[in-house]
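On a predicted model such as this, the values are computed, not experimentally measured, just so you know.
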Amino acid sequence: MGCKMNAAVSIWRRLSLFVLVSSLCSCPCRAEDSAMENIVTEKKAEESHRQDSADLLVFILLLTLTILTIWLFKHRRFRFLHETGLAMIYGLLVGVVLRYAIHVPSDMNNVTLSCNVNASPATLLVNVSGKFYEYTLKGEISANDVDDIQDNEMLRKVTFDPEVFFNILLPPIIFHAGYSLKQRHFFRNLGSILAYAFVGTVVSCFIIGLFMYGCVMLMKQIGHMGGDFFFTDCLFFGAIVSATDPVTVLAIFNELQVDADLYALLFGESVLNDAVAVVLSSSIVAYQPEGDNTHTFEAMAMLKSFGIFLGVFSGSFALGVATGVVTALISFNFTKLRDFPLLETALFFLMSWSTFLLAEACGFTGVVAVLFCGMTQAHYTFNNLSPESQDRTKQLFELLNFLAENFIFSYMGLTLFTFHNHVFNPIFIVGAFLAVFLGRAANIYPLSFLLNLGRRNKISSNFQHMMMFAGLRGAMTFALSIRDTATYARQMMFSTTLLVVFFTVWICGGGTTQMLSCQKIRVGVDTDQETSIGPDGVERRSTKHESAWFFRIWYNFDHNYLKPILTHSGPPLNATLPACCGPLARCLTSPQAYENEEQLKDSDSDLILNDGDITLSYGDVTVSTDAAGAHTSGTPVGGVAVNSDEALDRELAFGDHELVIRGTRLVLPMDDSEPPLPLDSHRHRHKNETMS
């Protein structure tokens, strides 16, 4: 018994000694493991930093190469390929190289673990040997692509988060469209532009959606459908491809100085229909019928989506205009800020960009908000800026628009080879091209026919054919399609959208010059020239009746009341308000308005003529018209009276003249290159236009 006890004690002592030695030895080992792990983590961070720098360098080199090639094209006057199409080609070439020529394997181990979870969490905490690591959701992948996900680290790195496009790249593009809008021709064709942008986009969306739903049903019948594809998905596809972006065509139009009305119709439609397409797509996504089947038709759900469309669009519009007015008030009241152009430009830039983010944070659409913010700031805030800030803001947003647009088109070419979840279906692709053609035709031709019933200056058939041909798809279509690629249907939409954008930019954009020649559309037209071609082919001068009637009413109110309150231009309020409001008028009118009373800063005042008191001065002859349309004339120095009609015709026929409206002096430049018209013939043409 004693021997057994001694043996047990001896074993226990040996075991204790072993545990003690093991614990003493384990402490340095754990410290060494922790140090090694820190070193490995630092190396991974450094390698990741270098990889990210290389990826950004790829895009910088793409833009640099695009700019140099653009200069070569402009120098050689080569108009077949625009810079956006060129950026796409360079993106395709780089994508091919990254996909098949460069192999950067990942150093991560491919470990696949099964976990029974009902939903995919956005953030996952993983316990590895007592240490917790955070992982974020990248998206769903197919089982066949599990082994290929980490095959090339650079392909994974050059794939950007879709929010980068919406929050960083799209705002300067949309803002520049509103800020650089030529208001004269835009408001002259306002009714037609609104019809194309709103009614035309909705019609195009449903035409494309119905046609694509037929293609989807055909694909299901022959077994070519690999996942769910519902009617709401078809409508969503119709909404995103209805967003036109004729940047290539408009650039050529601007360079060749194509007819100003055609330019205004195309530019105005593309600017507004982008906004309509964004709101329309979000309304379709919000369509949720009650019950288990969320893809059946329900009248209440459709009315709710329509209400969401109106609410989001009107709310975004109001927010954008309000932000623009606030910016105008800040620049109006803080006049000393003009002494620091850098601070003034920085504040203008931040207020403009914050409009987009504020709208998105409030549940509205930033595209609509920033568009109308740009238009409001161009109309009001721009007049309050110092001359240095005016030049800086125009150049700044023009530069940001150029870089962002070319970056997006370069990335389009790149994603054709770097995106992992492409779904190319020949039937869906062919159907999409046919649907886009039919949707554009249903937008342009029927609406043009209806609009011509009420337009004095008709939209001619060659203009309609050109607008049909110029319905390119671009940055907005791509951004809407790449924002959600989680499902089979959205992946097929994204892959097809890329091909539609490539085709329209390269073929339609490249054939713009040839199409202009084929349709015999005149080029080299001065956009400031107040002439147009009538339906009978006769050149005639535009009159105030060519402006939209709504804008004529709005202009009087804006010019007489809003401009003096929000800007330093326009007539003083004491000249437009009743005499009893004199103290209020003096309080709200800036001192600069009194100083500039004899000079007009209103950029679009030459758009229309007031129906009120108008005085025409030509040489020593003064011709006045009152609100009733009566004419009175002064007497020249020589003492010979001149008939008012003759003086008015002479004034409209020859040279530069001045127009004085309620104390504000308006100078209307006339084309000096025009040959003088005989007085009798010009008066006859003027009377015919008045009778019409």
Side-chain angles (χ1 to χ4, degrees), residues 192-220 228-245 269-270 272-289 293-314 365 367-368 427-451 464 467-468 470-473 476-477 480-481 483-484 489-490 492-494 496-497 500-501 504:
S192 301
I193 291 172
L194 291 177
Y196 287 127
F198 284 87
V199 180
T201 303
V202 174
V203 169
S204 175
C205 169
F206 279 90
I207 292 293
I208 295 174
L210 290 171
F211 190 90
M212 294 310 300
Y213 187 66
C215 294
V216 167
M217 297 303 294
L218 175 64
M219 293 163 60
K220 289 182 178 179
D228 294 331
F229 212 113
F230 302 101
F231 180 64
T232 51
D233 295 323
C234 297
L235 286 180
F236 180 81
F237 179 74
I240 63 176
V241 297
S242 295
T244 59
D245 185 19
E269 181 214 0
S270 66
L272 290 181
N273 100 319
D274 280 354
V276 174
V278 172
V279 182
L280 188 60
S281 62
S282 63
S283 302
I284 294 173
V285 172
Y287 176 79
Q288 291 292 336
N293 192 353
T294 59
H295 298 281
T296 58
F297 175 78
E298 186 177 285
M300 289 302 299
M302 183 175 180
L303 291 177
K304 182 180 178 181
S305 295
F306 182 71
I308 291 175
F309 173 83
L310 294 179
V312 171
F313 193 94
S314 58
T365 300
V367 172
V368 179
I427 298 178
F428 192 85
I429 293 172
V430 174
F433 277 94
L434 293 176
V436 167
F437 177 82
L438 292 176
R440 185 65 179 172
N443 179 354
I444 298 300
Y445 295 115
L447 282 180
S448 298
F449 173 78
L450 295 176
L451 290 171
Q464 297 177 35
M467 293 177 66
M468 170 71 189
L472 280 67
R473 272 63 179 176
M476 182 58 66
T477 300
L480 288 173
S481 62
R483 198 171 191 181
D484 183 8
R490 296 300 176 87
M492 185 183 295
M493 292 181 203
F494 174 67
T496 306
T497 298
V500 171
V501 173
T504 55

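You'll find the side chain of Leu210 reaches within 4.5 Å of the side chain of Phe231, heavy atoms only. Side-chain atoms of Phe211 and Ile207, non-hydrogen and from C-beta on, never get closer than 4.5 Å to each other. Side-chain contact check for Phe236 versus Val285: some heavy-atom pair is nearer than 4.5 Å.
Looking only at distances, no side-chain donor or acceptor of Thr496 sits under 3.5 Å from a matching main-chain atom of Met493. Not one N or O on the side chain of Arg473 forms a donor-acceptor pair closer than 3.5 Å with the backbone of Val500.
Residues Ser305 and Ala286 share a closest heavy-atom pair of OG-C, 4.1 Å. Between Ala275 and Val368, the closest heavy-atom pair is CB-CG2, 3.4 Å. Pairing each heavy atom of Ser242 with each of Ser204, the nearest pair is OG-OG, 3.1 Å. Closest heavy-atom contact between Ala489 and Asp228: CB-O, 3.6 Å. Of all the heavy atoms in Ala243 and Ala277, the pair that sits closest is CB-CB, 3.7 Å. Nearest heavy atoms, Leu451 versus Ala195: CD2-CB, 4.0 Å.
From Ser282, atom OG reaches atom CG of Leu480 across 9.5 Å, with rounding to the nearest 0.5 Å. How far CD1 of Ile240 is from CZ of Phe494: 10.0 Å, rounded to the nearest 0.5 Å. Note: Ile429 CD1 to Thr497 OG1 = 10.5 Å, rounded to the nearest 0.5 Å. For the atom pair OH (Tyr287) and CG (Leu303), the distance works out to 10.0 Å, reported to the nearest 0.5 Å. Rounded to the nearest 0.5 angstrom, Ile193 CD1 and Ser270 OG are separated by 9.0 Å. Atoms CZ and CD, from Phe449 and Gln464 in turn, are 10.5 Å apart once rounded to the nearest 0.5 Å.
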Before you tell me yes or no, could you show the steps for Asp245 and Met476 under side chain to side chain contact (heavy atoms under 4.5 Å, CB included), namely the whole-Å CA-CA distance, both residues' side-chain angles and the distance that decides it to 0.1 Å? CA-CA 7 Å; Asp245 185 19; Met476 182 58 66; 5.7 Å; no

Just do the side chain to side chain contact (heavy atoms under 4.5 Å, CB included) check on Leu438 and Ile208 with the steps written out, would you? CA-CA 7 Å; Leu438 292 176; Ile208 295 174; over 6 Å; no

Set out, in order, the CA-CA distance, both residues' side-chain angles and the distance that settles side chain to side chain contact (heavy atoms under 4.5 Å, CB included) for Met219 and Met492, then state yes or no. CA-CA 13 Å; Met219 293 163 60; Met492 185 183 295; 4.1 Å; yes

Does the pair Val279 and Ser283 meet the rule for a side chain to side chain contact (heavy atoms under 4.5 Å, CB included), with working shown? CA-CA 6 Å; Val279 182; Ser283 302; 4.3 Å; yes

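For Phe433, the CZ atom counts as densely surrounded, since its 6.0 Å shell holds more than 12 non-hydrogen atoms of other residues, nucleotides or ligands. Within 6.0 Å of the CZ atom in Phe206, the count of heavy atoms belonging to other residues, nucleotides or ligands does not exceed 12.
Arg440 is linked by a side chain to side chain donor-acceptor pair (under 3.5 Å) to Glu269, counting only residues two or more places apart in sequence or in another chain. Residues passing the side chain to side chain contact (heavy atoms under 4.5 Å, CB included) test with Leu194 are Leu190, Phe198, Leu272, sequence neighbours excluded.
The aromatic ring centres of Phe229 and Phe428 sit less than 6.0 Å apart.
The one candidate from Thr504, Thr477, Asn273 that meets the side chain to side chain donor-acceptor pair (under 3.5 Å) condition with Thr244 is Asn273.
Side chain to side chain, Tyr196 and Ser448 meet the donor-acceptor criterion of an N or O pair below 3.5 Å.
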